[in-house]
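Structure first, commentary second.
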Amino acid sequence: MSVSDFEQLAEIELQKDEAENTAMGETRSFSAAQSNQEFGISLTHPYYDVARHGIVHSAGDDSLGRKVIAFSSCRLPPSHQINHCQLLEYLKFTLEQYVESDYTLVYFHYGLNSQ
């Protein structure tokens with residue numbers, strides 16, 4: 001299979017998942033106010049442009065009490081709409097908050113599209 005075949009399959013699966021979520025009453029879209037409340041950021045936050053997407057966030061603790069940090073690539077905007085250097089700096093900023101103790105970083109690649 002070619003790369004474009006895989007991309008088409010991934011897009012079909014994403015559309016199926018979105019249809020299922022819609023049928024179950026779930027939505028993946030966030031208003032700015034919801035996003036700010038959910039991720040605890042303000043308009044004056046130095047990484048607001050990246051943080052408002054909710055790409056990197058604390059997802060709680062695992063069974064051993066370690067913080068779980070989630071990086072959700074499905075929340076990445078198109079590449080021309082985000083500063084990748086600032087994204088890396090925001091990831092480092094987030095992880096520095098937990099460096100004194102053990103933590104787990106989980107990367108979710110599902111839902112990432114070619115944009």
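Side chains are part of it too, since the values below use all heavy atoms of this structure and drop only hydrogens, waters and symmetry mates.
Atoms OH and CG, on Tyr90 and Asp49 in that order, are 12.0 Å from each other to the nearest 0.5 Å. Atoms CD and CG, from Glu96 and Leu91 in turn, are 10.0 Å apart once rounded to the nearest 0.5 Å. The line from CG of Asn83 to CG of Leu88 is 10.0 Å long, rounded to the nearest 0.5 Å.
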Side-chain donor-acceptor pairs of residues 58-73 under 3.5 Å, sequence neighbours excluded:
residue : atom : partner : partner atom : Å
Asp61   : OD1  : Lys67   : NZ           : 3.3
Asp62   : OD1  : Leu64   : N            : 3.0
Asp62   : OD1  : Gly65   : N            : 3.1
Asp62   : OD1  : Arg66   : N            : 2.8
Asp62   : OD2  : Arg66   : NE           : 2.6
Asp62   : OD2  : Arg66   : NH2          : 2.7
Ser73   : OG   : Phe108  : O            : 2.6
Ser73   : OG   : His109  : O            : 3.2

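Inter-residue side-chain proximity for Leu95 and Val56 is flagged as unmet; no heavy-atom pair is nearer than 4.5 Å.
Residue pairs meeting the side chain to side chain donor-acceptor pair (under 3.5 Å) criterion with at least one member in residues 97-106: none, sequence neighbours excluded.
The minimum heavy-atom distance linking Pro46 with Gln86 is given by the pair O-NE2, 3.5 Å.
Cluster annotation: Phe93 is not connected to Val106 through the hydrophobic network of ILVMFWY side chains, with a link wherever side-chain heavy atoms come within less than 4.5 Å. By the rule that hydrophobic residues join a cluster once side-chain heavy atoms approach within less than 4.5 Å of another member, Tyr47 and Val99 end up as members of separate clusters.
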